[in-house]
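What follows is a single structure, written as C-alpha cells, with notes after it.
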Amino acid sequence: MAKKKTIRTIPQERTPMREQEPRARAKNFEEVACGYDVGEALREAERCLLCPDQPCVSGCPVGIDIPGFIRKIGENNTRAAYDVIAETNLLAAVCGRVCPQETQCEEVCTVGESLEPVAIGRLERFVGDAAIREGWVNVPHIEANGFRVGIVGSGPAGMACAADMAKAGCEVTVFEAFHQPGGVLKYGIPDFRLPNGVVDAEIENLRRIGVRFECNTLVGRLFTIEQMVDELGFHAVFIGTGAGYPSMLGVPGDSLNGVLSANELLTRCNLMRARDAAFDTPIPLGKRVAVIGAGNTAMDAMRVCLRLGAEKVYCVYRRSRAECPARAEEVHHAEQEGIEFHWLTAPVAILDDGKGGVRGMRCIRMELGAPDDSGRRRPMPVAGSEFDFEADQVVYAIGTNANPIIGQTSRLKLDKRGYIATDESLATSMPGVFAGGDIVTGAATVIEAMGAGRRAARGMKAYLGLRDAARAAGGETLFGIDLGERNFVRLRAAA
Amino acid sequence: MEAARLSQFEIVAREDFSDVTYLLEVRHPLMAKAARPGQFVIVMAHERGERIPLTIADFDRSRGTITLVVQAVGKTTREMQQSCKVGSTLHAMVGPMGIPSPISGAKKVVCVGGGLGVAPIFPQARGFKEAGTYVIGVLGFRTKSLVFWEDKFRACCNELILCTDDGSAGLKGLVTEGIKRAIAKHRDIDEVVAIGPPVMMKGCAEATRPHKIKTLVSLNPIMVDGTGMCGGCRVKIGSEVKFACVDGPDFDGHLVDFDDLMTRLRRYTQVERAAAERWSANCRMKDLADPAAPAVELLELPDPFDDVKGG
Ligand SMILES: Cc1cc2nc3c(=O)[nH]c(=O)nc-3n(C[C@H](O)[C@H](O)[C@H](O)COP(=O)(O)OP(=O)(O)OC[C@H]3O[C@@H](n4cnc5c(N)ncnc54)[C@H](O)[C@@H]3O)c2cc1C
Ligand SMILES: Cc1cc2nc3c(=O)[nH]c(=O)nc-3n(C[C@H](O)[C@H](O)[C@H](O)COP(=O)(O)OP(=O)(O)OC[C@H]3O[C@@H](n4cnc5c(N)ncnc54)[C@H](O)[C@@H]3O)c2cc1C
Ligand code: SF4
Ligand code: FES
C-alpha cells in the first residue's frame with residue numbers, strides 16, 4: 001500500500017458489476033444489478049488514486065469524503081468506510097444505487113481522464129449494503145434539548161433533515177400523507193432498481209435515533225403549517241413535500257382511458273403492490289405501451305410495463321439520446337431489456353379507439369436547432385413528417401409541477417412557478433419554517449434533496465440557537481453568542 | 001410509539017340504512033376539528049386494500065369523530081360492509097382532502113343529493129343553514145324503504161323535497177323534478193349544489209342552465225393518492241384540465257365535461273368486476289365451510305351510471 005499508485009499501476013478495467021441477465025430480469029422485479037462482493041470492491045478500490053486535490057469530492061452535491069471511504073475499503077475495513085460516508089450521507093445504500101454519478105463525482109474523477117472513472121457509486125452501495133446487512137448505525141450520544149421539530153414529507157429531503165435534527169437533540173416528528181414513509185424512494189423508484197427493503201432499513205435507522213413517523217397525515221388540510229408553529233408546539237418546521245402534480249401533454253386524446261401519468265402507474269405498482277394478486281389495486285395492462293419522456297421516471301415506467309407483461313414498450317422523446325436526462329446506466333439497462341427508443345419524435349395526438357380507449361399515437365419527427373435556455377439544442381418539428389403507430393397505452397413522464405396543497409393552505413411565499421420561495425439557508429418567508437427538495441427546486445435528484453434537507457437543518461439549528469461543536473469553536477461571537485445564529489440577529493434587528 | 005399516533009381509526013358506531021348503504025363513524029379528533037363541508041377522506045380497510053375516497057358525511061367535534069356513508073358497489077366497499085364492525089379499526093384514513101365547499105353568502109340555495117350523494121350533501125346543507133341561508137333540500141331515493149337521514153335534513157332545511165322513483169315517498173320522479181319544482185316556486189335561488197352519480201349531476205346542471213343559476217357539483221373520479229401526485233383524478237372543466245383531489249372536488253357544473261368523467265370512471269371496470277367476482281366466490285366458499293355463518297346474498301347492483309337515484 002505504501003508505494004504511490006499511478007494511473008499505470010492500477011487495474012485498468014473498471015470492475016464490472018454482476019447483473020441479472022436482461023431477458024430473465026425483464027420478467028421479474030428482482031434487483032437488476034447485484035452489487036459488488038468484497039473481492040470486487042477491493043479490486044475497484046484499488047483503482048482510486050487517492051488524489052490530494054480530490055476532484056470527486058467537489059463533484060458530489062453533499063461533499064462525501066470519497067477518497068477517505070475508498071481508502072478504508074482498500075484497507076478491508078468496511079465499517080470504517082461506513083463511518084466516513086455516514087458523516088455526510090445517511091442514505092449510502094440508496095444513493096449508491098440512484099445517484100447520477102456519471103454527471104457528478106465520477107465525471108470529474110482523475111482516473112476518468114484516461115480510463116473509465118472509479119466506480120464510486122458501486123463502492124458506496126457496497127458500503128451501504130454492508131451497513132444494512134450488519135445492522136450498523138451510528139447512534140450518536142443524543143442529549144435532548146427540548147425543541148420540537150416537525151417535518152412535512154418523508155422523502156429524502158425530509159429524512160435527511162429529520163436525521164440531523166434528531167442528532168442535534170430535537171424531538172422530531174415526520175408527517176407523511178401516504179400510508180408508508182419514503183416518498184419517491186417508495187412509491188416511484190421500482191424494486192428492481194431500489195428494493196423497498198433498503199428504504200425501510202434506512203427509515204428504521206431514523207426510528208432508532210428517535211424520529212417518529214406519523215403517516216396518513218395530510219399537512220395543510222389536517223392542520224396547517226401555521227398551526228404547527230402556533231398551536232401544535234413545533235419550534236421549527238421543515239417542508240419537503242416533493243414536486244408532485246404531473247404535467248399532461250395537452251394534445252388531443254389526453255384524457256382517454258389508457259393514458260396515465262408515470263406517477264400513477266408507478267404508485268399503483270410500487271406502493272400499492274398492484275402486481276401482487278393479494279393486493280387490491282387495479283393496474284392498467286397495455287400490450288403495446290408508449291412512454292413519453294426519457295428521464296429516470298420514464299425509464300422506470302417503461303421497465304415496469306415490460307415486467308407487467310407488455311409485449312412492446314416504446315420510448316418517445318423529442319430530443320436526441322445525448323440530451324436524455326436519465327442516468328446512463330438506466331438507459332443502457334432499458335435498451336438491453338428490449339425497450340424501443342424513438343429519439344427526436346414528438347407526440348401530436350393520442351388516437352381514440354372509438355370506445356374511450358387508446359388505439360395509437362400520431363407523432364412527428366424532430367430535428368435539433370439552436371440551443372435553448374437549458375443549453376440543450378431545441379427540438380424543431382420537421383414539416384410533413386407525421387406518422388401513426390399502434391399502441392394501447394400511453395404513459396406520460398414529461399415532468400411535474402409544484403404540488404399546490406401547502407400553497408393553498410398557508411401564507412408561505414411561493415415563487416412564480418408555485419414552488420416554495422426560500423433564501424440560501426432554505427428559510428421560507430415564515431420564521432422557523434424551512435423548505436427543501438423538489439418542492440423548492442422542482443424535480444431534481446435524491447442526493448440534491450438530501451443535501452437540501454441537511455442544509456435546512458443547519459439553518460434550523462442556527463435559528464434555534466443550537467451550536468454544532470464545529471461552529472461554536474470558530475465564527476464571530478459577541479459576549480459568547482454566535483453571531484451566525486439567526487435568533488440573535490432577529491433579536492438585534494427587532495431591538 | 002403506537003399509542004402516540006394521531007388516530008387509530010377506530011370505528012365507534014355503525015348503522016345500516018339498507019342492504020347496500022351503511023354508515024361508519026370513525027374516531028379521529030384532529031380530523032373532526034379540521035373537516036369542512038365538501039371535503040373527503042381516503043380510506044384503506046386493510047394493509048393490502050385499495051385506497052378509496054369517501055366524502056365526509058358528517059363530523060362531530062365534541063365526539064371527535066368523522067362519519068362516512070358508504071354504498072357497497074364493488075369489492076372494497078362490500079368487503080368493508082362485512083369487516084367494519086364497531087370496535088374494529090381501519091388500516092388508514094387520511095384527510096380531510098380537497099378544497100372545502102365555499103359556504104357562500106348566498107341567500108337561498110338548493111342542496112341536491114341522490115344515491116351516494118345524499119349523505120355528502122348533508123354537511124353543506126347544515127353549513128348553509130348555520131350561515132343563515134334559506135336552504136331547500138332535494139333528496140332522491142329509489143324507494144321509501146331506502147330513505148335515511150330525513151329527520152337530519154329536516155332539521156337543517158327550510159324546505160325538503162323528497163323524491164322517489166316509484167313515488168312511495170314524497171314526489172314521484174328524479175331529483176331533477178324536485179329542482180324544477182323548487183325553481184318554479186322560488187324565483188330568487190342563488191345557487192344549486194348537487195352531489196350524486198355523474199348522470200344525476202349532469203341532469204341537475206342541465207336543469208339549472210336555462211335559468212343561469214350557479215350550480216356546483218362534487219366530482220368523484222377514480223383517485224389514488226388524493227394529494228395531486230398522480231393525475232388519475234383529472235377532469236375537464238371548460239377548456240382546462242384539473243385534478244379533482246386538489247383543485248376540487250367542487251366545480252362549476254355548467255363547465256364540467258360529464259361524458260369525459262363517465263368514460264374515465266369506466267377505466268378499470270373489467271378489473272373491478274373480476275375482483276368483485278373473485279371476492280364473492282371466496283365468500284361463498286367460506287360460507288360453505290362454516291354452516292353457522294349466514295349466507296352472503298350478493299345483491300344485483302345497478303350499473304352506477306344508470307343509477308340516477310341510487311339509495
Ligand atoms: C420515478 C422516479 C424515478 C426517479 N429516479 C431517480 C434516480 O434514479 N436518481 C435520482 O437521483 N433521482 C431520481 N428521481 C428524483 C428523486 O426521487 C426526487 O428528486 C427526490 O425524491 C425528491 O425528494 P423530496 O424529499 O423533495 O420529495 P419526495 O421524494 O417527492 O417526497 C415527498 C413526500 O412528501 C409527501 N407529501 C406531499 N405533500 C404532503 C403533505 N401536504 N403532507 C404530508 N406529506 C406530504 C409525499 O407523499 C411524499 O412522500 C426519480 C423520481 C421519480 C418520480
Ligand atoms: C371525492 C369522492 C367522494 C366519494 N364519496 C363517496 C361516499 O361518500 N360514499 C360512497 O359510497 N362512495 C363515494 N365515492 C365513491 C367510492 O370511492 C367508490 O364507490 C369506491 O372507491 C368503490 O370501490 P369498490 O372497490 O367497492 O368498487 P370498485 O369495484 O372498485 O368499483 C365500483 C364502481 O365504483 C367506481 N369507482 C371505483 N373506484 C373508484 C374511486 N377510487 N373513486 C371513484 N369511483 C370509483 C367504479 O367506476 C365502478 O363503477 C366517492 C368518490 C370520490 C372520488
Ligand atoms: S477523483 Fe477518482 S481517483 Fe481521485 S480520489 Fe476521487 S475517486 Fe479517487
Ligand atoms: S388522486 Fe392522484 S392526483 Fe388526484
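A note on names: the letters A, B, ... follow the listed sequences, proteins ahead of strands, and every chain is numbered from 1.
The shortest side-chain heavy-atom distance between A:Phe178 and B:Met229 falls under the 4.5 Å cut-off. Within the 4.5 Å cutoff, the side chain of A:Leu222 has heavy atoms near those of the B:Pro96 side chain. Inter-residue side-chain proximity for A:Ser255 and B:Lys236 is flagged as met; some heavy-atom pair is nearer than 4.5 Å.
Between chain B and the options A:Asn263, A:Thr217, A:Thr173, heavy-atom pairs under 4.5 Å are most frequent for A:Asn263.
When heavy atoms are compared at a cutoff of 4.5 Å, B:Ile42 does not approach chain A at all. For a residue to count as touching a neighbouring chain, one of its non-hydrogen atoms must lie under 4.5 Å from one of that chain's; by this rule B:Asp225 touches chain A with backbone and side chain alike. For A:Pro246, the parts lying near chain B are the backbone and the side chain together; criterion is any non-hydrogen pair under 4.5 Å. Neither the backbone nor the side chain of A:Tyr396 comes within contact range of chain B; no heavy atom of the residue lies under 4.5 Å from a heavy atom of that chain. Contacts between A:Leu266 and chain B at a heavy-atom distance below 4.5 Å are absent for every atom of the residue. In this structure, no portion of A:Asn401 lies under 4.5 Å from any heavy atom of chain B.
Across B:Ile99, B:Val94, B:Val41, a single residue satisfies side chain to side chain contact (heavy atoms under 4.5 Å, CB included) together with A:Arg221, and that is B:Ile99.
In plain terms, the two heavy atoms of A:Asn257 and B:Arg264 that are nearest each other are OD1-CA, 3.2 Å.
Of the inter-residue distances, the one linking B:Leu30 atom CG with A:Leu232 atom CG reads 7.0 Å to the nearest 0.5 angstrom. From A:Ile405, atom CD1 reaches atom CE of B:Met97 across 7.0 Å, with rounding to the nearest 0.5 Å. In this structure, CZ on B:Arg51 lies 11.0 Å from CZ on A:Arg268, to the nearest 0.5 angstrom. Expressed to the nearest 0.5 Å, how far CG of A:Asp352 lies from OG1 of B:Thr263 amounts to 9.5 Å. Taking CG from A:Asn216 and CE from B:Met44, the interatomic distance works out to 8.5 Å, rounded to the nearest 0.5 Å.
At least one donor-acceptor pair closer than 3.5 Å links the side chain of A:Ser261 to the backbone N or O of B:Cys230.
Counting non-hydrogen atoms of other residues, nucleotides and ligands closer than 6.0 Å to CZ of A:Arg411 gives a total of 12 or fewer.
Taking the six-membered ring where the residue is Trp, B:Phe243 and A:Tyr245 present parallel rings, their angle staying beneath 30° rather than reaching 60°.
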